[in-house]
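Working notes, beginning with the structure itself.
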Amino acid sequence: IYKGDGIVSASPEAVWECLKPEAGGLRTKWDQNVKDFELIETISDTISICRTITPSAFMKIISPRDFVDVVLIKQYEDGTIASAATNVEHALCPPQPTYVRGFNYPCGCFCIPIPGEPGKTQVLTFFQTDLGGYLPQTVVDSFFPSSMAGFYSNLTKAVKTMKT
């Protein structure tokens, strides 16, 4: 399981605009690990089935992947905005020959307000992903830490760009 925890200089709502899992959203513009995002089915106003497509990575050692997840989005009374997801199979999204199907165990992203600092947000992420295919574990273990560092760095840049 991988956990990331960082402070971003923006409100939880601004950070969420960059993070929220939606087709045509900002995530595909700044997150180097998200090439495309598709809404497969809307279950309710807070639950949906989504497909995330990732580009090849790690000097093309990791080929493009896709992940199909059920996603729950929730806003809490304290202002925290969260998305939680886990792998699901869906008839409208069978495995594609051009992608290796990956598998997300329960994972999530929390945008947590920092009391007394409305212009700052704690971003807490956690995930456990099976990339699928035949990758040596050493490749997987090398990829995720640098990928997470890039995620926080790119999110910080995206939020700054958005505010201007």
Side-chain angles (χ1 to χ4, degrees), residues 1-8 15-44 46-74 80-112 121-159 161:
I1 295 178
Y2 291 89
K3 174 186 169 192
D5 191 352
I7 305 296
V8 177
V15 174
W16 180 248
E17 267 311 301
C18 291
L19 286 174
K20 66 182 166 183
E22 67 178 354
L26 295 175
R27 187 82 180 257
T28 59
K29 293 172 177 45
W30 66 265
D31 190 338
Q32 62 196 16
N33 292 314
V34 178
K35 183 177 179 180
D36 200 8
F37 192 84
E38 299 173 5
L39 176 64
I40 304 300
E41 182 182 353
T42 300
I43 307 295
S44 73
T46 60
I47 301 171
S48 58
I49 308 294
C50 302
R51 176 175 180 237
T52 305
I53 299 169
T54 65
S56 61
F58 211 58
M59 298 177 291
K60 301 200 181 211
I61 293 171
I62 300 174
S63 57
R65 278 16 197 189
D66 72 344
F67 300 85
V68 179
D69 298 294
V70 57
V71 180
L72 167 70
I73 295 172
K74 184 164 171 79
T80 296
I81 307 167
S83 66
T86 193
N87 178 76
V88 69
E89 291 185 22
H90 197 283
L92 295 176
C93 196
Q96 310 280 315
T98 51
Y99 297 98
V100 175
R101 178 62 49 97
F103 183 98
N104 283 321
Y105 292 92
C107 56
C109 181
F110 295 82
C111 296
I112 305 165
T121 302
Q122 178 185 8
V123 178
L124 179 63
T125 59
F126 65 93
F127 66 96
Q128 184 176 4
T129 299
D130 178 348
L131 291 175
Y134 301 102
L135 291 171
Q137 192 60 41
T138 54
V139 170
V140 175
D141 292 342
S142 296
F143 171 72
F144 279 120
S146 63
S147 172
M148 285 189 78
F151 169 86
Y152 280 91
S153 173
N154 291 334
L155 173 59
T156 299
K157 290 175 193 166
V159 168
T161 302

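In this text the structure is predicted, and so the values were computed from the model without any measurement.
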Work out which heavy atom in [X] is nearest to a heavy atom in [Y]; give both atom names and the distance.
| X | Y | answer |
| --- | --- | --- |
| C50 | F37 | CB-CZ, 3.5 Å |
| N33 | S147 | ND2-OG, 2.6 Å |
| F126 | P106 | CE1-O, 3.8 Å |
| P21 | W16 | CD-CH2, 3.8 Å |

So do [Y] and [X] actually touch side chain to side chain, heavy atoms under 4.5 Å?
| X | Y | result |
| --- | --- | --- |
| I7 | Q122 | yes |
| P55 | P64 | no |
| C111 | V8 | no |

In Å, rounded to the nearest 0.5 Å, how long is the span from [atom1] of [X] to [atom2] of [Y]?
| X | Y | atom1 | atom2 | value |
| --- | --- | --- | --- | --- |
| L26 | T28 | CG | OG1 | 8.0 Å |
| I81 | K74 | CD1 | NZ | 13.0 Å |
| R27 | E22 | CZ | CD | 11.5 Å |
| I73 | C109 | CD1 | SG | 10.5 Å |

Q. Around atom NZ of K35, are there more than 12 heavy atoms of other residues, nucleotides or ligands at under 6.0 Å?
A.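 No, the 6.0 Å shell around NZ holds no more than 12 heavy atoms from other groups.
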Could you work out, with side chain to side chain donor-acceptor pair (under 3.5 Å) as the rule, every residue matching [X], not counting sequence neighbours?
| X | value |
| --- | --- |
| S83 | none |
| S63 | R65 |
| Q96 | none |

Residues which pass side-chain contact (heavy atoms from CB on, under 4.5 Å) with [X], listed by chain and number, not counting sequence neighbours:
| X | value |
| --- | --- |
| S142 | F58 |
| P145 | Y2 |
| T129 | F67, N104, F127, L131, F144 |
| I43 | E41, I47, I49 |

Q.
I40 and side chain to side chain contact (heavy atoms under 4.5 Å, CB included): which single residue from D69, L92, V70 fits?
A.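 The side chain to side chain contact (heavy atoms under 4.5 Å, CB included) with I40 is passed solely by L92 among D69, L92, V70.
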Q: Not counting sequence neighbours, list each pair that qualifies as a salt bridge (Lys or Arg N to Asp or Glu O under 4.0 Å) and has a residue in residues 93-102.
A: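 Passing the test, one end in residues 93-102: D66-R101.
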Q. Under the salt bridge (Lys or Arg N to Asp or Glu O under 4.0 Å) rule, what pairs show up with a residue in residues 135-146, not counting sequence neighbours?
A.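 Pairs touching residues 135-146 that pass the test: none.
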Please tabulate, one pair per line, all N/O donor-acceptor pairs under 3.5 Å involving side-chain atoms of residues 149-159, not counting sequence neighbours.
residue, atom, partner, partner atom, Å
Y152, OH, G4, O, 3.0
Y152, OH, D5, N, 3.3
Y152, OH, V123, O, 2.9
Y152, OH, T125, OG1, 3.1
N154, ND2, Q32, OE1, 3.4
N154, ND2, G150, O, 3.2
T156, OG1, Y152, O, 2.9

